[in-house]
Each structure stands twice: as C-alpha cells, then as structure tokens.
J.: 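The structure follows.
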Amino acid sequence: MNELDKIFGHIQKRENFLLSGGAGSGKTYTLVEVLKRIYAENPLAKVACITYTNVATNEIKGRAPFENLYVNTIHSFLWDNIEQYQKNLKEALVTLVEKKEINYYKGEPLPINDITKIEYKEWKDLEKGTVSHEEVVMLAKYMVENYPLLARILSDKYDFIFIDEYQDTSKEVIELFLTSLYPYTEKCLIGLFGDSMQAIYDEGVGDVKTFIEEETIKEVPKEDNRRNPQIVIDLANQLRLDNLKQKHAGDKEAPNYGVEGNITFVWSKTEKDIEKIKERYFNFPIETYEDGSKSTNKELYLTHNLIAPKVGFPRLMEIYDKDQILKYRDNINNKEIKIDEDVTLEKVLIDFPMTKNQSEYIALEENKAIFDIVKKWTFKELNKIRIDKDNLVKGKKIDSEDEKKGSKRDPLIQHLFDIQECIDFYSTNRHNEFIKKTDFWKNITEEDNDKKVIKQQHLIALKKNIEGLVDTNNKTIGEVIDLFDSQNIWKKKDRLKEFITKNEYYEHIYEKVRKVPYQEVVNLYNYIEGYTIYSTQHSIKGDEFDNVFIVMDNGKWSKYNFKDLFENSIIGLEQNLRGEEQKSKTNEKRIKDAKSRISVFKRTQKLFYVCCTRAKKNLVVYYYNPTDDVLARAREWFGEDNTKEV
C-alpha cells in the first residue's frame, strides 16, 4: 500500500495523520495528490492548507486550483480566523500583557480603552493596537483555548486543515491544533506534512513524537527519494536520527533516475585556500546571473559573516553586526550582574569596573560622538535599539504583505532593496514589473488617472529618469537614495523617515550606511536573491542544486560543532548524560552541560543532513585540520576512496 492509500485509510477512520518524508521524497507532491483525491471525491470539501512561506503558498495554489481550497501562510490563516472577534481580541491582549507573555515595554496596564481596533501589521505598537506575527500566534492560541465557541467555529469551518513543513511551525501553533482544537475536531481532520530531520530553525517545533505516542496523530512514512543519487542517499541515511531510511525511487520520471553522482570529503592540515580547493575538487562552472536566473551550484557556509567579504558587502555587515556600542550593551546584559533598566550606561561604567576595558574599546574616535550621547541613556532606552545582522540578511525579497509581516528586515534596508528591485526589473527588461513597482505614476495628474490614460510623454520621462539612475557605479548609498527620491522613481517612505528619526542612534546608523558604496547593496541583493554561488547552510532548505560544496567552519558560533559531530555519536552522548544523572554526586552544571552538548550535536547533524541532501549530482565537503577521529568518521560516512587530503 502506498502512502496516499495509507493517508486515506486514516481519513476514513477519522484519524489525524502525519506524512513523514525525508529530503527529496516529494512531500509537496503527495500533499497536492491528497488534495486532488479529496476534491475528486467531494468537490464541495472545505480544506485549509497552511504553509510556512509565500513561495510554498503560491506553488500549492498553482498546482491545486480548487474553488474551496484556502491556502495561506500560518500567520495569515490565524489572523483571518480571529480578526473579526475584536472584543475577544482586546480581552486576550490585555490578559497576555498582564501575564507578561506579551511584552509591553512601559510595564503598566495597556490603555486598551483608547484602542479602536486591533490590527496586524509589520511592526508592533501595542498602544495603537498594532500587533505583529509573534503576537498573532499567542493571541490565536489563547483565544482557541479560552473561547470554546471560537474553537467550535474554527473546526466547523473546515473539513481538513493541512500544515505543510510542520517541523518549522512553532510549538504554540502545533499545540493550538493538536491540543487546544483537538477536542472539537469531530468533523475537521488535521494533516501534517514534513520531516523532523529538516527541523533546522530554533523557533520550530521540530517533531511531534509526543502526539504520535499518545496516538493523537498517525504517522505515515514516505521512503522514496526522487532527488539524490544513490551515493548521497546512503550518506543521508547514516545521518538521520530517526528510523526512517530512504531508498531510490527507481522511477524513470524521477530527476535522480540514472544519475550516478559523487561524494568527496576533502581535508587539509596546513592549507585553507578555498579557491585552490574548489579549483581541484569542485570543478563545476562558476556562473554569473545577470539575467535573473538562479545558480545550479552552491557553496555553503555556516554564517553570513563568512560570506560577506566574498560576496562584497563587508561594510554593511560591519555596521549591522559589529556595532561596538550595541555589542557592549549586549555584553553587559549577558553578564551575571543585575542591571536596573533605569540606570544609565555611564553609571554602569562607574559601578562595574570589570567593564571598563570594553568601554575604552568602545570609545574609539569613530564612535565617540554617538557614545557621548548614548552614555546618558538608560538601559531601557538602549534595549529598544534593534540593529543586528538579521535586519540586513534575513530572508528573500519581500513580495507580499504576508512576508512583510514576518520579515526582520528594517525599513532602511527594505528601502534599499526596493530601489535595487526597480533597477533589477528595468535592467532585465521586466518593464511591466518595473512600471508597477515605481512611485513615478503617483505624480500623474488626477485627470490622467480618471481617464486611465498612460500618456507617451510619461513613459518617455520615466525611461529617461531610470536610465540616468541605473548606473550606480561610484555612487554612495546616500546619493542613490536621494536621486531615486528626487526623480520620483522610489520616494522616501514614511516608514524610512520614522526609522531615521526614531532616535539619535538610528540616525547615526543611517548616516553610516549612507557613506557606504551602493555597490554593496547590489552585492547584498544578489546574494539574498540567490544570484550568487554563495549561501548559508540554513537558507537552502527546500532548494536543490546540481553541485554542492560545503565548508565545515563553525564561524565561532557555539550553537554548532562540526568537530563533535564527526568525533561522537548521539548514542554515546546520551549514554554520557544518563551516567551523569545516575551519579548521586554529579552537580547540576554537569547535567546541564551534557544536555546542551546533545542539543548542539542534534542541531549540527540536522543542518549537515539538510546541506548534503541538496546535491542532485555531486557533493564535496571540505574540513580544515581534522583530528584522527574526525577522519575516521569521514571514512565511515564517505568511504576510504572518497576521503582525500589536499
């Protein structure tokens, strides 16, 4: 019996189900086939399909265009189902603020009577009744738990609720459906699709083992692999932390049919010249992507910091990730000293001498002007500043309101991406998209708009304006922002103005960014959009490439440990933990450290699994200066002949 028949066996028994499939197994294909069969049997069926990204939403809509099928992202689904209950929303918001489950920075009652309507937007502003994506999840969960009528309405509204890539969904969302809503699902069945081994985001639930053990949900394994050559499948099976073992689909229509493939573990003791190693072992064409196409080869690093110098946006990364004053603030917050949020930074420097060396480092001449201002600020004020590399590099371009609501990109970087998108559309002859994107038409007269006339002179003027701006060589970011604003191509939006004027620190960041060559924006945009060979190991989940080159470098990130991954096993680490727990004299710190090590190990192994299984043809892994134990594991996983020293 195939997995589709197994799923419908559970549906006939009124049982919730989980389709659990490894990388390249075609989980989305099966999801679409389930939808087709449901609507073949009952054209009036009402199905909600919840996805993790807008890309997935659009893919499913395109492949399953059924009239009664609702497809949307998680946050939009939840908001659509609670938005109309404003009285209950306000009650829930007040309660969650009082419980401090939703942070209201003033530390006092929320002035709910002054709020006309709760709205869902990109930025949280509770005093104005505006919530963002994090609050939507918490509000929805609270309301389903505490308002039985809402739970009943939600369960009666749909015959099926399917969640794609369930492992990336937050624990709160999964609990909302499988715990809070579960007593009301006599009519509505829940179906999950995903792979616990690809749970590489910390905010995701990871797995639903507890619900499987409690038989709240029935698991259906999907073992076929349609993407990877057999040699990559064999490697991936050694990396899995569960009992699912994949096999080659053997389907003549599958992309991996007849593909032999290669895997190589390359190492060096004294040399770390990535380019030389690529030249010898990663002899795949290095493409350029000026036509808007995406790379078929990928070179994967753990962090954006390792990539920024290679791609060409080091100064932007420096501003967003290595701001010395904010680093100092974070160091103080992370120290085991209690800081009252009403205390100024200047007083902390006096009261806690152990921080003075860092303060001297911060007060370099380039930071002195802004440091003289912020040292008078309290930690409450300092902690409101949100400038970090996630604002710079998080996520692909924003092409819908839903993705905006979940984006961490700040208004300044988003403004620059909007400018570059205008340039990109025009340069690649996507003129219709460019015309829709630009602000130019807002300046056409009311009379023209009423007549729905686009006069030839307007098009000529627009063409002249953009052609003078496309060449950004030797221009700074500030010059480009001002030029696009003055020519009405992309105006300075209110959100950008609010960002700049929020306080002196944001103005300071803005002025620093303005001085950076605009070419760094071009490089950053191309990197985020996938127009370069480089990528982080986190951002390629769901993608596939002919050839994959993985650089095993932790980048000083303690959440991952490639050395431990190769030198140890999860069985050994769990045995060590049990041994520590059984020792009567073992202190809590040793147990905590053992648990933390297991967590890092699993996180690293899942990430490595995801990276390896992106390869449709060839996989090369590079490790610098390995120990003998690392090499022993490499030979076990890759084979003696495939483990080579540079």
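Counting begins at 1 with the first residue of the sequence. In what follows, every heavy atom counts, from backbone to side chain, and hydrogens, waters and symmetry copies are set aside.
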J.: Where do E223 and Q246 land on the side-chain contact (heavy atoms from CB on, under 4.5 Å) test, with the steps shown first?
T.: CA-CA 5 Å; E223 297 174 340; Q246 288 190 282; 5.5 Å; no

J.: If the condition is side chain to side chain contact (heavy atoms under 4.5 Å, CB included), which residues does N568 pass it with, not counting sequence neighbours?
T.: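 Here the qualifying residues are D564, L573, R597, F601.
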
J.: Hey, could you give me the CG/CZ distance between D410 and R495, rounded to the nearest 0.5 Å?
T.: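 Answer rounded to 0.5 Å: 10.0 Å.
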
J.: Taking all non-hydrogen atoms of both residues into account, name the closest pair between M143 and A92 and its distance.
T.: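 Shortest heavy-atom contact: CG-CB, 3.9 Å.
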
J.: Between E135 and S132, does a side chain to side chain donor-acceptor pair (under 3.5 Å) hold up when you go through it step by step?
T.: CA-CA 6 Å; E135 292 75 40; S132 64; 2.6 Å; yes

J.: Roughly how far, to the nearest 0.5 Å, is OG of S539 from CD1 of I307?
T.: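 One finds 7.0 Å between CD1 of I307 and OG of S539.
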
J.: If we ignore hydrogens and angles and just use 3.5 Å, is the side chain of D168 paired with the main-chain N or O of G204 as donor and acceptor?
T.: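 Checked: no pair found.
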
J.: Within a strict 4.5 Å, meaning less than it, do heavy atoms of the T532 and K310 side chains meet?
T.: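 Contact flag for T532/K310 side chains = no.
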
J.: Do L78 and I50 have side-chain heavy atoms sitting under 4.5 Å apart?
T.: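 No; the side chains remain at least 4.5 Å from each other.
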
J.: Can you tell me if NZ on K128 sees more than 12 non-hydrogen neighbours from other groups inside 6.0 Å?
T.: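 Result for NZ/K128: open.
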
J.: May I ask you to decide if L316's main-chain N or O and E520's side chain share a donor-acceptor pair within less than 3.5 Å?
T.: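 Such a contact is found between E520 side chain and L316 backbone.
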
J.: Applying side chain to side chain contact (heavy atoms under 4.5 Å, CB included), can you list everything that pairs with K245, at least two apart in sequence or on another chain?
T.: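 Scan of K245 (side chain to side chain contact (heavy atoms under 4.5 Å, CB included), adjacent residues dropped) gives N237.
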
J.: For the backbone of I115 and the side chain of K90, can you confirm whether one donor and one acceptor N or O come within less than 3.5 Å of each other?
T.: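 Yes, the answer is positive, given that a donor and an acceptor are paired below the 3.5 Å cut-off.
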
J.: Taking the six-membered ring for Trp, are the ring centroids of H304 and Y320 within less than 6.0 Å of each other?
T.: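 Ring centroids of H304 and Y320 are no less than 6.0 Å from each other.
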
J.: Quick one: pull up CD1 in I190 and CZ in F160 and give me the separation to the nearest 0.5 Å.
T.: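 Result: 10.5 Å between the selected atoms.
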
J.: Would you call E145-K141 a salt bridge at under 4.0 Å N-O?
T.: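 Counted as a salt bridge, because a side-chain N and a carboxylate O are separated by less than 4.0 Å.
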
J.: Could you tell me whether the side chain of K541 and the main chain of L607 form a donor-acceptor pair under 3.5 Å?
T.: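 Not a single qualifying donor-acceptor pair exists.
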
J.: Check the orientation of F193 and F17. Use parallel for under 30°, tilted for 30 to 60°, and perpendicular for over 60°.
T.: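 Aromatic pair F193/F17 classed perpendicular.
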
J.: Which value, rounded to the nearest 0.5 Å, describes the distance between N383 atom CG and R386 atom CZ?
T.: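 Nearest 0.5 Å value for the CG-CZ distance: 6.5 Å.
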
J.: Looking at K218, E219, E15, which one forms a side chain to side chain donor-acceptor pair (under 3.5 Å) with H10?
T.: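 Single pass found, and it is E15.
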
J.: side-chain contact (heavy atoms from CB on, under 4.5 Å) between Y527 and T536: does it pass, once the steps are laid out?
T.: CA-CA 10 Å; Y527 165 61; T536 60; 3.2 Å; yes

J.: Using the test side chain to side chain contact (heavy atoms under 4.5 Å, CB included), find all partners of I153 that sit at least two apart in sequence or belong to another chain.
T.: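 For I153 the side chain to side chain contact (heavy atoms under 4.5 Å, CB included) partners, ignoring immediate neighbours, are Y85, L149.
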
J.: Kindly indicate whether the side chain of V173, heavy atoms from C-beta on, has any atom under 4.5 Å from the side chain of I74.
T.: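 Yes, close enough: below the 4.5 Å cut-off.
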
J.: Do side-chain atoms of Y534 reach the backbone of L306 as a donor and acceptor pair under 3.5 angstrom?
T.: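 No; zero donor-acceptor contacts below 3.5 Å.
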
J.: Heavy atoms only: give me the nearest S170-V137 pair and the separation to one decimal.
T.: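 Shortest heavy-atom contact: OG-CG1, 3.9 Å.
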
J.: State plainly whether the residues K592 and E588 are in salt-bridge range, i.e. N to O under 4.0 Å.
T.: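 Salt bridge: no.
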
J.: Could you tell me which residues satisfy side chain to side chain donor-acceptor pair (under 3.5 Å) with N561, sequence neighbours excluded, listed by chain and number?
T.: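 Partners of N561 by the side chain to side chain donor-acceptor pair (under 3.5 Å) criterion come out as none, since no residue qualifies.
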
J.: Could you tell me whether K595 atom NZ has more than 12 heavy atoms of other residues or ligands within 6.0 Å of it?
T.: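 Atom NZ in K595 is not crowded, with 12 or fewer foreign heavy atoms closer than 6.0 Å.
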
J.: On the 0 to 90° scale, with breaks at 30° and 60°, tag the F608-F562 ring pair as parallel, tilted or perpendicular.
T.: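 F608 and F562: perpendicular rings.
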
J.: Going by atom types only, do N305 and K389 share a side-chain donor-acceptor pair under 3.5 Å?
T.: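 There is such a pair between these side chains.
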
J.: Look only at the side chain of R227 and the backbone of T613, and say whether a donor-acceptor pair between them is shorter than 3.5 Å.
T.: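 Such a contact is found between R227 side chain and T613 backbone.
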
J.: Would you call the rings of F499 and Y506 parallel, tilted or perpendicular, where under 30° means parallel and over 60° means perpendicular?
T.: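 If you compare the ring of F499 with that of Y506, the planes turn out perpendicular.
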
J.: When rounded to the nearest 0.5 angstrom, what is the spacing between CD1 in I163 and CG in L18?
T.: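 It comes to 10.5 Å.
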
J.: Do you know which two heavy atoms are closest between M317 and A308, and how far apart they sit?
T.: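 Shortest heavy-atom separation between M317 and A308 comes out as CB-CB, 3.9 Å.
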
J.: Which pair of non-hydrogen atoms, one from H75 and one from V136, has the smallest distance, and what is that distance?
T.: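 Heavy atoms of H75 and V136 come nearest at O-CG1, 3.8 Å.
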
J.: Does any part of the side chain of Y52, heavy atoms only, come nearer than 4.5 Å to the side chain of D164, both counted from C-beta?
T.: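 The answer is no, as the side chains (C-beta and beyond) never meet within the 4.5 Å cut-off.
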
J.: Ignoring hydrogens and angles, state whether a donor on the side chain of Q537 or Y560 is under 3.5 Å from an acceptor on the partner side chain.
T.: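 Side chains of Q537 and Y560: no pair found under 3.5 Å.
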
J.: Sorted by first residue and then second, give each side chain to side chain donor-acceptor pair (under 3.5 Å) pair with at least one member in residues 190-207; sequence neighbours left out.
T.: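 Every side chain to side chain donor-acceptor pair (under 3.5 Å) pair that includes a residue of residues 190-207, provided the two are not neighbours, is D195-Q198, D195-R240, Q198-R614, D202-K559, D202-R603.
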
J.: Determine whether a donor-acceptor pair (N or O, by modelled atom type, separation under 3.5 Å) exists between the side chain of K327 and the backbone of D321.
T.: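 Flag set: sc K327 to bb D321 pair under 3.5 Å.
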
J.: Please tell me whether T95 and E98 have a donor and an acceptor in their side chains that are separated by less than 3.5 angstrom.
T.: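 Side-chain D/A pair, T95 to E98: absent.
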
J.: Does any N or O in the side chain of Q420 come within less than 3.5 Å of the main-chain N or O of D418, such that one atom is a donor and the other an acceptor?
T.: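 The answer is no, because no donor-acceptor pair under 3.5 Å joins these two groups.
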
J.: For a quick test of reading the model, state the closest non-hydrogen atom pair linking L69 to A64 and the distance between them.
T.: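 Closest heavy-atom pair between L69 and A64: CD2-O, 3.1 Å.
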
J.: With ring-ring contact (aromatic ring centres under 6.0 Å, His included) as the test, pick out the partner of W637 among F566, Y609, Y623.
T.: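 Testing W637 for a ring-ring contact (aromatic ring centres under 6.0 Å, His included) against F566, Y609, Y623 leaves exactly one candidate, F566.
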
J.: Just by modelled atom types, is the L565 backbone N or O under 3.5 Å from a matching donor or acceptor in the Q605 side chain?
T.: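 No; judged by distance alone, with no hydrogens or angles, the pair does not exist.
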
J.: Search all heavy atoms of L235 against all heavy atoms of C612 and return the closest pair with its distance.
T.: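 Heavy atoms only, the tightest pair is CD2-SG, 4.0 Å.
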
J.: In Å, rounded to the nearest 0.5 Å, how long is the span from OG1 of T303 to NE2 of H538?
T.: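 Reported to 0.5 Å precision, the distance equals 10.5 Å.
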
J.: When you compare the side chains of Q86 and Q84, does any donor N or O come within less than 3.5 Å of an acceptor on the partner?
T.: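 Q86 vs Q84: no donor-acceptor pair found between side chains.
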
J.: Report the C-alpha distance between L126 and V131 in whole Å, list the side-chain angles of each, state the deciding distance to 0.1 Å, and finish with yes or no for side-chain contact (heavy atoms from CB on, under 4.5 Å).
T.: CA-CA 6 Å; L126 296 187; V131 295; 4.0 Å; yes

J.: N81 and K157: side-chain donor and acceptor closer than 3.5 Å?
T.: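 Their side chains do contain a donor-acceptor pair, which is all the 3.5 Å distance test asks for.
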
J.: Using the side chain to side chain contact (heavy atoms under 4.5 Å, CB included) criterion, which residues pair with Y182? Sequence neighbours excluded.
T.: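 Y182: side chain to side chain contact (heavy atoms under 4.5 Å, CB included) contacts with N16, T185, T216.
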
J.: Y104 vs E127, test: side chain to side chain donor-acceptor pair (under 3.5 Å). Steps then yes/no.
T.: CA-CA 9 Å; Y104 177 51; E127 286 187 296; 3.2 Å; yes

J.: Can you confirm whether F162 sits close enough to I60 that some side-chain heavy atom of one is under 4.5 Å from a side-chain heavy atom of the other?
T.: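 Side chain of F162 against side chain of I60, heavy atoms only: no contact under 4.5 Å found.
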
J.: Would you please test E91 and Y147 for side-chain contact (heavy atoms from CB on, under 4.5 Å) and show each step?
T.: CA-CA 11 Å; E91 291 174 355; Y147 301 114; 2.8 Å; yes

J.: Relative to the ring of F77, is the ring of F177 parallel (under 30°), tilted (30 to 60°) or perpendicular (over 60°)?
T.: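 F177 and F77: tilted rings.
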
J.: Under 3.5 Å, is there a donor-acceptor pair between the side chain of S76 and the main chain of T73?
T.: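 Side chain of S76 to backbone of T73: no pair is present.
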
